[in-house]
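What you see is a predicted model; the values in this text were computed from it and never measured. Counting begins at 1 with the first residue of the sequence.
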Amino acid sequence: SRCNSQVILPNTTSATSNRQLDMNLVIAIAGLVAPFLIINESNTQTKTINSNFTPPKMGDAAEENEIGLALAGGSIRAASSCYGVLRGFQQKRLKSSSGQDVSAMDLVKYNSGISGGTIPSILYTYAGVPVEELLEIDRTTDPSKITVEELSRMPKTSMGYVLARKPDGNKILALSVLKVLTNPLNIFRIHSLWTASLHKKFCMPLKIPKNKFFTSSKDELQDILNRNPRLKESDFLLPRDDIKAFPMILVSMLGTRADRNVYEANYRKIVEKAWEVYNVQESSRKNPDMTEIILSIRGQYGSDLPMPYVITPDCVENKYHGEVQIRNKKIDFPEKNVRPFEWGAKDGKYGRKRRFSVEFLAGMSTNFVGSLGVNKGKSTLALFLTGLRKISFNDDLSSTQRFADGGSNDLMGLIPLVDRGTKNIISVYNFNQNPPSSNFTTTYADIYKAAPCTSMDDPDFDKHFKTWLTYINPRFTCFFGFFGHGPINHANIINHIFNDPNIDHLKELMMKYNSLFEAGEPLIATLNDLEVIDNPFWGVKGGKTVNLTLMWFNLPEKFSSQIPKDAAEFTSEEFKNVPELLVDNPTDALKYSQPQVNMMGYLGSWMVDHSWDGLKGLDGEVLFEGFAKIFGEK
């Protein structure tokens, strides 16, 4: 069993890597704001009992036609993209294998979210409003019918509303100052700022209660209550009854609260040494194995690597495999997996008074500030604004660990799905950058202009492909064993999972994308039968194949040209950056207007609808066979 564990019985009542921040200012403001946002908690009393819980089996239990959504990271820009795609799949009606009339989302088995993609994943699963209202499935998929009025309409029960919602900073600051003045010790609770802010902005308006345990189903909850009679049904939050997709959220563990960035500094040493070895090997053989290199040298520096955790409603699963230095001891990972409500418990005590709730989970997975040290080796701000959980490693050692943005391990959220054995993965991606060639505002039109090749018969193919790769995020290409032309700071360098020694699949992707761009179509392409290889760091076993459909959010001519000029023009100040909405400054994502978020929603749902039966290039060649085939529609 993946989650055999001791159950701790509580008796509880609830009472970026390239971003330049003014640390002193942020810390000062955060210190004032945090106390106002803190979630009230009460002391916890516990009792230990035994459990023989067996969660859904991972890795080798997938069915041939299983579908998983991977909602990639990228702040609220990514969340807005995923919002539109979720609506598009929810709007599509088709017959299930049993003949029932269902939405396409009802046939999605897994919903994997990371960083910005975590927000729509959690809201889709737990929002206390009907899915029809949450995703506004009554909206048109016809761009010619978009109006100024519809772009400005934003019901308060919609996901789009909370994505565009602006916090009342003056009110928060005033009340926070009052809170600090009445109890100066509140300033030391700054670590709770991120989680509480997320709850106020995203969860509270959509009726997601705070500080609740969570689990997967009524049957699972009943099993927990039977084994833990002092717990109550009201202590838990369940997915909505109409939700079929199983959420999977990725977070990264980045050392202990007390190590003052030593863990991340050791990681930087591992990365620097790994790149030295990689460059030496690359000069003598074509494709050095970066995962193998890192695993061979990590022990010299305590094996201190960002540690991935995949958290579902049924299990907190550590994905790291190896021995790691924790304070003055070496600990073998993965640790024992537990149900979410148990996580952080040892010998009848909780390391943190707060329950492990969905807002706590969202706060961990989206907290890019807490992961700043991954890139820099040291970040004072990251020590303050980070998720904390006391983890029991064995009978002799427990430690308060720091958890932050899961993008430190996997920007795309692909590996949790690959590890589950998911056959068909649909990835939603809107966060490309590869400095100095591309940044967050670079459009695919810019990339096509630099590398317009659509055929291997082109005499300049190799030249164009090399140029194209300089624009594509190496945190994506590393899945195929291509690590770019310069060091990747993030732990994504350990993510080689597909066998592609000549990177032929990336060549195929370039040709398909360029052909689709020429035809004015959305950039949607499937790479079929990707061979999965062993990845000891993640515990991924090779031998399977995956069909990966990558939806790159661009602005297709067939979409933009149909929108009435009196509704929106993409040369205007408001829409000129759609869909590459600004994210360079941490506050940019808090400035998106309702029309901007609505336009992202329209674009995402149109991409699904328009490509449902497939996409062709200018010469009539089928470049994408369509979502209808993926979902098994006849």
Side-chain angles (χ1 to χ4, degrees), residues 16 69-87 89-90 105 111-129 131 134-136 154 156-167 193-208 210 214 237 239-240 243 245 247-252 311-313 357-371 387 403-407 410-413 416 427-431 553 579 581 583 586-592 594 596-598 600-601 604:
T16 54
L69 274 181
L71 307 183
S75 188
I76 298 178
R77 172 167 123 181
S80 300
S81 306
C82 298
Y83 159 55
V85 171
L86 287 173
R87 180 200 295 164
F89 286 128
Q90 190 70 39
M105 278 303 298
N111 184 358
S112 174
I114 170 274
S115 194
T118 293
I119 297 169
S121 180
I122 285 181
L123 295 181
Y124 179 78
T125 305
Y126 293 104
V129 299
V131 68
L134 180 70
L135 297 177
E136 297 182 84
M154 189 71 83
K156 292 185 177 181
T157 55
S158 73
M159 189 183 297
Y161 171 78
V162 297
L163 294 176
R165 184 170 178 252
K166 310 293 189 296
L193 169 64
W194 196 277
T195 293
S197 299
L198 279 175
H199 183 268
K200 283 189 173 291
K201 176 172 169 57
F202 299 112
C203 299
M204 189 169 65
L206 294 177
K207 303 178 182 179
I208 299 178
K210 67 182 179 182
F214 60 94
L237 178 64
R240 295 195 314 274
I243 293 301
M248 304 166 65
I249 306 300
L250 181 65
V251 303
S252 297
I311 300 173
T312 73
S357 60
V358 293
E359 70 270 13
F360 197 168
L361 172 57
M364 286 181 174
S365 183
T366 62
N367 191 341
F368 74 89
V369 177
S371 64
F403 292 87
D405 196 319
D410 176 5
L411 175 68
M412 310 288 288
S427 173
V428 185
Y429 178 62
N430 185 13
F431 206 60
F553 244 67
L581 296 176
V583 291
T587 62
D588 284 338
L590 298 177
K591 299 176 182 177
Y592 299 160
Q594 291 185 349
Q596 284 176 323
V597 172
N598 268 334
M600 297 287 279

### Message
When you compare the side chain of Leu237 with that of Ile208, does any pair of heavy atoms fall below 4.5 Å?
### Response
yes

### Message
Using only atom types and a distance under 3.5 Å, with no angle test, would you say the side chain of Ser252 pairs donor to acceptor with the backbone of Ala404?
### Response
no

### Message
To check you understand the geometry: which heavy-atom pair defines the closest contact between Gly387 and Asn367, and what is its length?
### Response
N-ND2, 4.2 Å

### Message
Do Phe553 and Val85 have side chains that approach each other closer than 4.5 Å (heavy atoms only, starting at C-beta)?
### Response
yes

### Summary
To the nearest 0.5 Å, atom CG of Leu581 lies from atom CD1 of Ile76 at 10.5 Å

### Task
State the CG-CE distance between Asn111 and Met248, to the nearest 0.5 angstrom.
10.0 Å

### Query
Who are the ring-ring contact (aromatic ring centres under 6.0 Å, His included) partners of Tyr126, not counting sequence neighbours?
none

### Message
In the structure I gave you, are the side-chain heavy atoms of Tyr161 and Gln594 within less than 4.5 Å of one another anywhere?
### Response
yes

### Residue pair Met105 / Leu69, side-chain heavy-atom distance below 4.5 Å
yes

### Query
Nearest 0.5 Å, what's the OG1-CG distance between Thr195 and Leu361?
9.5 Å

## Note on the structure
By side chain to side chain contact (heavy atoms under 4.5 Å, CB included), Leu135 pairs with (sequence neighbours left out) Tyr83, Leu86, Arg87, Gln90, Tyr124, Val131, Ile137, Met159

#### Entry: Name of the residue among Leu198, Ile119, Ile311, Val251 meeting side-chain contact (heavy atoms from CB on, under 4.5 Å) with Ser365
Val251

### Query
Do you know the tightest heavy-atom contact between Ser158 and Glu136?
CB-OE2, 3.3 Å

### Task
Can you see which heavy atom on Pro313 is nearest to which on Pro247, and at what distance?
CD-O, 3.4 Å

### Heavy-atom closest contact (Leu163 atom, Lys201 atom, distance)
O-NZ, 3.5 Å

### Summary
Correct closest heavy-atom pair for Val162 and Pro205 would be CG1-CB, 3.7 Å

### Query
If you take all heavy atoms of Phe431 and Arg77, which pair is closest and at what distance?
CA-NH2, 3.9 Å

### Spacing of Cys203 atom SG and Leu123 atom CG [to the nearest 0.5 Å]
6.0 Å

### Query
CG of Asn430 to CG of Leu71: how many Å apart, nearest 0.5 Å?
12.5 Å

### Distance in Å, Ile249 CD1 paired with Ile122 CD1, rounded so as to fall on 0.5 Å steps
4.5 Å

